[in-house]
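From a predicted model like this one, the values you see are computed outputs, not experimental measurements. In what follows, chains carry the letters A, B, and so on, assigned in the order in which the sequence lines appear, proteins first and then strands, with residues in each chain numbered from 1.
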Amino acid sequence: MAEPYDYRSVERKWQQRWDEQRIFAAREDAAKQKYYALEMLPYPSGDLHIGHAKNYTLGDAIARMMRMLGYNVIHPMGWDAFGLPAENAAIAHGADPSDWTRANIANMQRQVRLMGTGYDWSREITTCDPEYYRWNQWLFLRLYEHGLAYKREAPVNWCPHDRTVLANEQVIDGRCWRCENLVERRNLSQWFLKITEYAERLLDDLEILEGWPERTRTMQRNWIGRSEGAQFTFAVENSEETISVFTTRLDTLFGVTYLAVAPEHPAVAKIVTKKARTAVEQFTQSLQSKSELERTSLMEKEGVFTGAYAVNPLSHERVPIWVTNYVLAEYGTGAVMGVPAHDQRDFEFARKHALPIAQVVAPPGADLGAPLHEAYLEDGRLVASGDFTGMSSPRAREAIADRLVALGAGARQVNFRIRDWLVSRQRYWGTPIPIVYCERCGEVPVPDDQLPVLLPANVPVTGEGSPLANDPAFSNTTCPKCDGPAKRESDTMDTFFESSWYYLRYLDPHNASAPWDQEIARYWMPIDQYIGGAEHAVLHLLYSRFFYKFFHDRGWVTGSNEPFTRLFHQGMVLYNGEKMSKSRGNVIGIDEVVEKRGVDAMRLFLLYVTPPEDTSDWTDEGINGRVRFVNRVWRACEPFLDHAKSANVRALPPASSEEEKTLLRAVHVAAKSAVDETLSRRFHYNTTVAKLDEYVNALMALEQAAPDSPAVAYAVHALPLIMAPFAPHLADELWERMGHKTSVHLESYLEPDMRALAVDTVTLVVQVNGKIRARLQVPPGTSEDDAFALGLEQPAVQAQLDEKRIQRRIFIADKLLNIVTG
RNA sequence: GGGGAAGUGGCGGAACGGUAGACGCAGCCGCCUCAAAAGCGGCCGGGCAAACCCCGUGAGGGUUCAAAUCCCUCCUUCCCUACCA
């Protein structure tokens, strides 16, 4: 009786050995082509879930494949360790955020190791380590020096009870998620990064990111939101004030019947008439308690007349100025021209408040006069538009822009939807922003040699107010310039700051004098394959691109100014058709799967269920199928290990029977599939695993028929080599048992051999008028004439041809012959 | 409202203009066994007694010698985004 396969001890053994022998340690080697494989930095929430497992299994299969294909592979892992959940745990359980985070990292690191993923652990980084975040501070200061980090007032979500700023996701139905008080919008002084300065480049360079999913590029395009138009100015009657508006539809300028401004617009207070003041203030007050979400998507279009009038710079018409809830203070100029006839939002507003609707663009071929039921949004021909009447919309936009420029009333302008990145958080568990406020010198950056500004330990975290501001030991300091008394900035950084450059720190993780060495970065960057979920399509992936362009401008990185050459989004893993969630109790735990089924079976299952980009369903039956496969491989190999030692895997043995040919072909079909899926970057290893099934089926069949065949020895010997990237533990075990002293993962991959892939006969389909009438077994390379002659002999073909005249023949070598009749 | 992706057996999927359903799961039959499990072998889209015949890739149309695959319209599902002027 053969020895049964003990996946538990085998998997443990190889994980230990890979660790001890550091077989995945990466070193720069100018002689070899580098390959940087990276999975997105995980947040240490406490437990690894199957979604992580799918992500890391795919990344690991790719990294191992590329290594075996001769590339110098770097494949690191680390922890995105700062963030709110640690602080929330502190508030809820009185835990120390640091202890809580460290414990989670320890557990998740254990689980990642359990998966047997081949990371270079010597490069592991943890973003809450002072050795890491000091470089966060250093980079912040460089951004500051270049005017890309600045502080200004901005409206934020403020909870008056807890006296803290809330993130958008912590505002539920306009209320604080903790105390359920209404959240206010307050203007507070906040740190921003000037990503808008890079908007144009971030947009344009999307074009060269051909290795990115199109939908992700589209999302970034939409997020950046470039729009071309013009900005121009309305004078305000009886006032020095003017109101500027941005529009992409200058052709509708003569259709303006009112001006709509955001309540926060600075001109409002100055232009509002005595009579209207109370109403306007009440309206503004009522909006203050509403979050942006509420103000925009949930509310009807409301507004109050300011009593003031503006003058249209071209038509000289006077139009009322309204304060409205549907104009955003943060976009454009915070004011828009109201054109009810040609903008749906303006249309709804005008209807509600009985404002006139003036049609100035006529649909092609249509006559005006009929009242509109909705705004007409398309281009057309201008009517009732002064000198511009009769022009097409595009021409009118140009002509009106020219006129405004000539009058000095406006200019062509490009506007971006993207706003500067708000990076300050009034929170404890993050990187302290390295700025000091001196009574005499004002805002002073902390000098580099005083970094890091350490996050103090043992600070009470209550969720009320800013913990750092409340800590005098942290807050009180001396000014680096004048040594006078000063206060430290008490805000910490958004955690997306850390994750915008971590991939560079991996390259040189212990460097004490710089965030990374430029020569080392020159060798490894950019990242050849980045793998992670689509949920970061905009945030993380956009911020990182921004940082990398900044680094490139400084000369700190060279070559491409994009960090991620190719990007792959793996799909989610569902269970019972639903997202796994603790509250539903339908979570599949890594520990349990590894214990009960083994890592290799889990990896094979995750690769096999669906193509990697698709959503997959975890099923107990499905994983059982892969457990069976692992055991089949063992039974197919273990009794033949001695026999297999006689085979040279690098030399194709001769095949003397059909069965042997079939087996040798199955071996090389599997190898070819693995290589092709990797190099094409399609990564559909589900098809590769299917080929491994066929391989093992063919192997077992020949073992029954001809156990002594050299083809059996060869196929047994080659199996671990081919399987190594997908079932790495089983592969190394078999490899060792065949007498090898070094890991199979350091071998070069089996090169697909054309001789093995060749076949003796092919099935040639004979069609008549596109319908299959016969199948011929012919040698490959059979000529069209021979095939035609053979085809005509087929009774089924004859029956169809009968009296008919043959008009043409289509012949695809080794595939098909189509006879077309008249 | 806008944008994107996808619809193939009972299920996951394969087929990147040329044999639709590889491979696996589930199911059924058989072998092995005292028995069960495991394992091994076979069957497994629909119609038909059966077939080498006919039908069949969400629906309808088109391009082509040939369409699951390319194009148009519609339906359905999922994801993202949302008053951006």
Side-chain angles (χ1 to χ4, degrees), chain A residues 4 213-219 221-223 225-227 229 231 245-249 252 260 292-293 295-301 324-328 330-339 342-346 348-349 415-419 534-535 537-538 569 571-572 604-605 608-611 613-617 619-626 628-629 631-632 635 680 682 684 686-697 700-701 704 762-775 794-796 807-821:
Chain A
E214 190 50 52
R215 62 181 167 134
T216 305
R217 293 201 278 174
T218 303
M219 279 170 74
R221 260 181 223 118
N222 293 341
W223 186 266
R226 184 182 196 274
S227 52
Q231 185 171 321
V245 298
F246 173 78
T247 183
T248 57
R249 289 299 304 274
T252 65
E292 186 170 325
L293 178 87
R295 286 172 62 165
T296 55
S297 48
L298 305 175
M299 283 173 64
E300 287 236 4
K301 289 176 180 51
T324 68
N325 65 346
Y326 77 94
V327 175
L328 306 172
E330 293 85 24
Y331 183 76
T333 61
V336 299
M337 59 183 209
V339 186
H342 304 293
D343 183 287
Q344 190 56 29
R345 295 156 301 183
D346 298 345
E348 287 166 27
F349 186 79
N415 224 15
F416 291 94
R417 195 193 87 114
I418 191 172
R419 302 178 204 174
E535 66 274 14
V538 172
H569 293 309
M572 294 184 300
L604 288 165
F605 174 71
Y608 184 59
V609 248
T610 52
E613 66 272 26
D614 287 1
T615 301
S616 29
D617 242 305
T619 65
D620 296 331
E621 293 79 12
I623 179 80
N624 278 342
R626 291 304 99 190
R628 278 201 281 268
F629 171 77
N631 290 327
R632 268 168 77 78
R635 283 198 312 275
S680 71
R682 202 172 76 130
H684 283 200
N686 53 323
T687 60
T688 304
V689 176
K691 309 282 191 245
L692 286 172
D693 276 332
E694 294 183 69
Y695 179 166
V696 176
N697 289 345
M700 289 187 113
Q704 292 293 311
V762 292
T763 307
L764 188 81
V765 169
V766 183
Q767 296 181 334
V768 179
N769 295 326
K771 290 220 170 215
I772 296 159
R773 296 301 170 188
R775 291 176 170 86
Q794 302 299 311
Q807 209 165 50
R808 58 187 287 207
R809 321 188 300 215
I810 285 102
F811 180 71
I812 308 291
D814 298 343
K815 293 242 152 136
L816 137 161
L817 173 71
N818 188 8
I819 301 166
V820 183
T821 64

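The side chain of A/Val765 lies closest to B/rU19, out of B/rG13, B/rA85, B/rU19. Side chain of A/Tyr326, nearest nucleotide from B/rG39, B/rC83, B/rG12: B/rC83. Distances from the side chain of A/Ile810 to the nucleotides B/rC65, B/rC84, B/rC40 place B/rC65 closest. Of the candidate nucleotides B/rC83, B/rA20, B/rA85, B/rC83 has the atom nearest to the side chain of A/Lys301.
A straight line from CD of A/Gln704 to C1' of B/rC40 spans 8 Å, rounded to a whole angstrom. A straight line from CD of A/Glu613 to C1' of B/rC79 spans 14 Å, rounded to a whole angstrom. The CD-P distance, from A/Gln807 to B/rC65, rounds to 10 Å in whole Å. Atom pair A/Lys771:NZ and B/rA67:P shows a separation of 10 Å (rounding to whole Å applied). A straight line from CH2 of A/Trp223 to P of B/rU81 spans 8 Å, rounded to a whole angstrom. One atom, CG of A/Asn631, and another, P of B/rA38, lie 12 Å apart when rounded to the nearest Å. Regarding A/Ile819, its CD1 atom lies at a distance of 16 Å from the P atom of B/rC65, rounded to whole Å.
With its glycosidic angle more than 90° from 0, B/rG27 is assigned anti.
Nucleotides B/rA14 and B/rG58 have their P atoms positioned 15 Å apart, rounded to a whole Å. Atom name P, nucleotides B/rG56 and B/rU69: the rounded distance is 14 Å, in whole Å. To the nearest whole angstrom, the two P atoms, one in B/rG12 and one in B/rG3, are 29 Å apart. Rounded to a whole angstrom, the distance from the P atom of B/rA59 to that of B/rA68 is 11 Å.
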Could you write out RNA chain B as dot-bracket? Rules: Watson-Crick or G-U wobble, both distances under 3.5 Å, brackets [ ] for crossings, | for pairs with another strand, dot for unpaired. (((((((..(((.....[....))).(((((.......))))).(((.....)))..(((((..]....))))))))))))....
Can you list the steps and then say if A/Glu214 with A/Arg217 is a salt bridge (Lys or Arg N to Asp or Glu O under 4.0 Å)? CA-CA 5 Å; A/Glu214 190 50 52; A/Arg217 293 201 278 174; 2.9 Å; yes
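Formation of a donor-acceptor pair under 3.5 Å by the A/Asp614 side chain with backbone atoms of A/Gly571 is not found in this model. Under a 3.5 Å cut-off, the side chain of A/Asn818 and the backbone N or O of A/Gly770 do form a donor-acceptor pair.
Legend: residues meeting ring pair (Phe, Tyr, Trp, His ring centres under 6.0 Å) with A/Phe349, ordered by chain and number and at least two apart, are A/Tyr258, A/Trp322, A/Tyr326, A/His353.
Place A/Thr218 and A/Asn818 on RNA chain B by their nearest nucleotides, and A/Thr218 ends up nearer the 5' end. Two residues, A/Ser616 and A/Thr333, neighbour RNA chain B, and the one matched to the more 5' nucleotide by heavy-atom proximity is A/Ser616.
In this structure, a donor-acceptor pair under 3.5 Å is present between the side chains of A/His684 and A/Glu613. Between the side chains of A/Arg417 and A/Asn222, no donor N or O sits under 3.5 Å from an acceptor N or O.
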Polar atoms only, N or O, under 3.5 Å: list the protein pairs with nucleotides 22-26 of chain B and their distances.
| residue | atom | partner | partner atom | Å |
| --- | --- | --- | --- | --- |
| B/rA22 | O2' | A/Glu694 | OE2 | 3.4 |
| B/rC23 | O2' | A/Tyr608 | OH | 2.8 |
| B/rC23 | O2' | A/Asp693 | OD2 | 2.5 |
| B/rC23 | O2 | A/Tyr608 | OH | 2.9 |
| B/rG24 | OP1 | A/Asn697 | ND2 | 3.2 |
| B/rG24 | O4' | A/Tyr608 | OH | 2.6 |
| B/rC25 | OP1 | A/Arg628 | NE | 3.0 |
| B/rC25 | OP1 | A/Arg628 | NH2 | 2.9 |
| B/rA26 | OP2 | A/Arg628 | NH2 | 3.1 |

